[in-house]
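Comments concern the structure below.
Throughout, protein chains are lettered first and strands after them, A, B, ... in sequence-line order, and every chain is numbered starting at 1. Keep in mind it's a predicted model, so treat the numbers as computed, not measured.
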2 protein chains.
Amino acid sequence: MSVQERKQRERADRERLIVATARELAERQGWDAVTTRRLAERIEYSQPVLYSHFRGKREIIGAVALEGAAELAAALRAATAAADGPRARVAALAHAYLDFAERHPAVYDAIFQLDGGLPYARDDTPEPLKDAFAALLETLGDVAGPGVEPGLFTEVFWSSLHGLATLTRAGRLPPEFTETRVAVLTDRLAVLGPA
Amino acid sequence: MSVQERKQRERADRERLIVATARELAERQGWDAVTTRRLAERIEYSQPVLYSHFRGKREIIGAVALEGAAELAAALRAATAAADGPRARVAALAHAYLDFAERHPAVYDAIFQLDGGLPYARDDTPEPLKDAFAALLETLGDVAGPGVEPGLFTEVFWSSLHGLATLTRAGRLPPEFTETRVAVLTDRLAVLGPA
DNA sequence: AACTCGATTCTAGCACCGCTAGACATTCGA
DNA sequence: TCGAATGTCTAGCGGTGCTAGAATCGAGTT
């Protein structure tokens, strides 16, 4: 039994190594640089070993996406927990979200742009993805305002942040006035005060 | 002289054929299917001919993006011209934008997501791109509201639409409630009435 | 009308991609 | 100690974007 357990553990370790290496490569040089050959070389195994863990490159991207989604959720919760009042919480959320997108563009893409073979917005959506949306909902649900369902409001606010993040990174928006743009979003979209 | 002119004309024709063929291929089967080999075969020339017109696949994407941007601008103007009042105009704009993104995903990607080697948000940005933004500004600039610069407001509203379009197409958002989401954007973000 | 020579186009090939069949090595249970 | 099962590797498939150099074409000149 113990031998099998050791093997399972080693296999799990190697799988984590693959995901971590893929992520590091993607963050450093972009997803185009994450080739099965390079990845295999980095983990010091041959290419087919990758395929004994994942069905293909797509699934490796998916694994990085799940890891990243968990981190994003944690970052959002940490940021909002440290803020007082609805406005500050929404602002902190927006800031943390865009910060994550800017600091981890490759991971962000794995979560929200690339095809990682993951089911989204469904019952069988993996927990980390559901939880990342839940983290958004926790803060944004409180400022949906009258007549707007919290989940739908969260989707809208999230989409706006996503649009800002992607257009800015793709060079379509000048990065200078991000702060002001976020302020417009926060002040107009969210229904903040009781007053 | 006339011989040279004919050659120039034929060359320009062939260039248009390349762009049109690339676009058609992309719209039918996605950009991954637009390979230099397939493209060359379709226009009945060899691969190197493509490179006598464009520096590479990237520039071909850029050419499709410019063509698409002009069409998007026209579609936005047509939609807003047929609408009465600020609210109807903004709603028509949003609808036309998302409609374009849904009907021409490959072209939309060429304009807003892919690397076509084009300079965006700069002085030397190609005219069609500037004009597409101008088309947005014409309608959205009127509903920026007090204290918000029209250009910046346009960027924010545009980003929100872009986020909705891309997240929905990538399967991250369920497509069912798009209409409601747009209504939230329109009602909350835009400052509509004089009242 | 034949020829020359520059412009044009093609063939063939580079290094790389994701992925996999089948050979080889290693480890385990009897 | 041997046979089988498991694990890993080598080698290769068909594809990618791109390009050097050969071959062809055709316009202007004799």
From [atom1] of [X] over to [atom2] of [N], roughly how many Å is that when rounded to an integer?
X: B:F54; N: D:dT19; atom1: CZ; atom2: P; answer: 15 Å
X: A:D32; N: D:dG17; atom1: CG; atom2: C1'; answer: 12 Å
X: B:R6; N: C:dA7; atom1: CZ; atom2: P; answer: 16 Å
X: A:E41; N: C:dC17; atom1: CD; atom2: C1'; answer: 15 Å
X: A:R11; N: D:dT6; atom1: CZ; atom2: P; answer: 13 Å
X: A:Y51; N: C:dT20; atom1: OH; atom2: P; answer: 7 Å
X: A:K57; N: C:dC17; atom1: NZ; atom2: C1'; answer: 8 Å
X: A:L50; N: D:dG7; atom1: CG; atom2: P; answer: 16 Å

Candidates [options] - which lies nearest the side chain of [X]:
X: B:P48; options: C:dC28, C:dT8, C:dT11; result: C:dT11
X: B:T36; options: D:dC18, C:dC19, D:dC9; result: D:dC18
X: B:K7; options: C:dT8, C:dT20, C:dC10; result: C:dT8

I want to know whether B:Y108 and B:H104 have ring centres closer than 6.0 Å. no
Aromatic contact, B:W158 with B:F153 (centres under 6.0 Å): no
Angle between ring planes, A:F112 versus A:H162, binned at 30° and 60°: parallel, tilted or perpendicular? perpendicular
Side-chain N or O of [X] closer than 4.0 Å to phosphate OP1/OP2 of [N]:
X: B:R14; N: C:dT8; result: no
X: A:R38; N: C:dA15; result: no
X: B:S46; N: C:dT9; result: no
X: B:R37; N: D:dG14; result: no

On DNA chain D, check which nucleotide each of A:Q47 and A:H53 is closest to and give me the residue with the more 5' one. A:H53
Over 12 non-hydrogen atoms of neighbours within 6.0 angstrom of CG in A:D124: yes
Begin with the C-alpha distance, continue with both residues' side-chain angles, and end with the deciding distance and a verdict on salt bridge (Lys or Arg N to Asp or Glu O under 4.0 Å) for A:R188 and B:D187. CA-CA 9 Å; A:R188 293 274 176 88; B:D187 290 332; over 6 Å; no
